[in-house]
Amino acid sequence: MTFARSSCKDGTTDVLLIDIDVPFDVFKQRFLDAWRGLLDYVAKAYEVTPRLLIVSRSRSGNTHVTLAIRECVSYEKALLLKFLLGDDRKRIALELWRLENIGDPWDFFHRGSGKDAMVMYF
């Protein structure tokens with residue numbers, strides 16, 4: 001699952017990375033206002049509060065949205081929110097598969113011998 005690290009406890013996140021397969025310029029000119037209305041509707045319906053929204057051009061020229069919310073939500077709820085906000089459907093399917101087969105996406109990287117693990121805080 002593609003999530004930026006957050007201050008939330010394991011199994012939750014407050015950052016949603018959304019990949020919208022629409023060219024950035026088209027999204028910005030034709031869909032951004034409507035998408036912001038959709039965001040307001042989804043946020044109210046699912047009781048989350050946006051705190052930061054970054055809309056940028058991806059390397060391919062399409063649209064990337066980084067949405068930070070005030071609440072820590074489960075990965076299941078994060079996937080639902082991403083789906084409703086237009087995230088790439090194949091990416092959603094892959095992330096759902098990962099969640100069902102691996103569990104906490106960050107846990108996958110922490111497996112192994114605990115005594116050999118190095119934890120660094122910055």
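Residue numbers run from 1 in the order of the sequence given. All figures in this text were calculated on a predicted structure; none of them were measured in a lab.
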Closest approach of [X] to [Y] (non-hydrogen atoms, all atoms of both residues):
| X | Y | result |
| --- | --- | --- |
| Leu17 | Asp87 | O-OD2, 3.9 Å |
| Glu47 | Glu71 | O-CD, 4.0 Å |
| Leu39 | Leu85 | CA-CD2, 3.8 Å |
| Thr12 | Cys72 | OG1-CB, 3.7 Å |

For the backbone of Val22 and the side chain of Thr63, can you confirm whether one donor and one acceptor N or O come within less than 3.5 Å of each other? yes
Under 3.5 Å donor-acceptor, Arg89 side chain and Phe83 backbone: yes
If we only count heavy atoms from C-beta on, is the [X] to [Y] side-chain gap below 4.5 Å?
| X | Y | answer |
| --- | --- | --- |
| Val48 | Lys77 | yes |
| Phe31 | Ile20 | no |
| Glu76 | Leu99 | yes |
| Tyr75 | Leu79 | no |
| Leu96 | Glu100 | yes |

In Å, rounded to the nearest 0.5 Å, how long is the span from [atom1] of [X] to [atom2] of [Y]?
| X | Y | atom1 | atom2 | value |
| --- | --- | --- | --- | --- |
| Leu67 | Ile69 | CG | CD1 | 6.5 Å |
| Asp25 | Arg30 | CG | CZ | 11.0 Å |
| Tyr46 | Leu80 | OH | CG | 4.5 Å |
| Asp21 | Asn62 | CG | CG | 5.5 Å |
| Thr49 | Asp14 | OG1 | CG | 11.5 Å |
| Ile18 | Ile92 | CD1 | CD1 | 8.5 Å |

Flag yes if Leu52 and Leu32 sit in one hydrophobic cluster, no otherwise; membership is Ile, Leu, Val, Met, Phe, Trp, Tyr, and two members link when side-chain heavy atoms are under 4.5 Å apart. no
Please tell me whether Val26 and Phe24 are part of a single hydrophobic cluster in this structure, the criterion being side-chain heavy atoms less than 4.5 Å apart. yes
Result of checking Lys90, Arg98, Arg91 against Leu94 for side-chain contact (heavy atoms from CB on, under 4.5 Å): Arg98
Could you tell me whether Asp19 and Lys82 have a side-chain N and a carboxylate O separated by less than 4.0 Å? no
Is the count of non-hydrogen atoms from other residues, nucleotides or ligands lying under 6.0 Å from Arg36 atom CZ greater than 12? no
